[in-house]
Amino acid sequence: MDKLEELKEPVMIVEIFKTNVQKESEKDYIIAVLQSQFTDYKINFDLEDCDKILRVEGIDIQCDNIMDYVHCLGFTCVRLD
């Protein structure tokens, strides 16, 4: 690895997921669970969007794990490209 690569900052990535979350209380619960598992991620929802968007920002986002957690909580969660 050369000196230039060592100085590069990690790149923040944003992943967008379609969910079936409807209520503010559901949103708050999911965020709390995800935030406890993925402490370095910035997580939020847009429930006004027709796809009930879950937005995750971070470095090296573990999309499969996020979807698994949301599924285990009883909700659908599909990554959008």
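Criterion: ILVMFWY side-chain heavy atoms under 4.5 Å apart, direct or through other members. Under it, Met67 and Ile43 are part of a common hydrophobic cluster. Tracing side-chain contacts under 4.5 Å through hydrophobic residues (I, L, V, M, F, W, Y), one never reaches Val78 starting from Phe75; they form parts of separate clusters. Cluster membership check: Val56 shares its hydrophobic cluster with Leu73, using side-chain heavy-atom separations under 4.5 Å among Ile, Leu, Val, Met, Phe, Trp and Tyr. Hydrophobic clustering (side-chain heavy atoms under 4.5 Å, transitive across Ile, Leu, Val, Met, Phe, Trp, Tyr) groups Val21 together with Val33.
Among residues at least two apart or in separate chains, side-chain hydrogen bond (donor to acceptor under 3.5 Å, both in side chains) pairs with a member in residues 65-81 are Glu15-Arg79, Asn20-Thr76, Gln37-Tyr69, Gln62-Asn65. Within the structure, the ring pair (Phe, Tyr, Trp, His ring centres under 6.0 Å) test picks out no pair touching residues 13-37 (sequence neighbours left out). Screening residues 36-46 for salt bridge (charged side-chain N to carboxylate O under 4.0 Å, His left out) gives no qualifying pairs among residues at least two apart or on separate chains.
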Point to revise | side chain to side chain contact (heavy atoms under 4.5 Å, CB included) between Ile13 and Glu57, intermediate numbers included | key: CA-CA 6 Å; Ile13 297 172; Glu57 182 178 341; over 6 Å; no
**Study point:** side chain to side chain contact (heavy atoms under 4.5 Å, CB included) between Gln22 and Leu47, intermediate numbers included
**Key:** CA-CA 7 Å; Gln22 299 292 322; Leu47 296 184; over 6 Å; no
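Atom CG of Leu54 is separated from atom CD1 of Ile16 by 8.0 Å, given to the nearest 0.5 angstrom. One finds the CD atom of Glu26 at 10.5 Å from the NZ atom of Lys52 (value rounded to the nearest 0.5 Å). To the nearest 0.5 angstrom, Leu80 atom CG is 9.5 Å from Thr19 atom OG1. Atom NZ of Lys27 and atom CG of Asn44 lie 8.5 Å apart (nearest 0.5 Å).
Hydrophobic clustering, defined by side-chain heavy atoms of Ile, Leu, Val, Met, Phe, Trp and Tyr closer than 4.5 Å, leaves Val11 isolated from every other such residue.
The ring-ring contact (aromatic ring centres under 6.0 Å, His included) search around Tyr41 returns Phe38, not counting sequence neighbours. Residues satisfying the salt bridge (charged side-chain N to carboxylate O under 4.0 Å, His left out) criterion with Lys18, sequence neighbours excluded, are Asp51.
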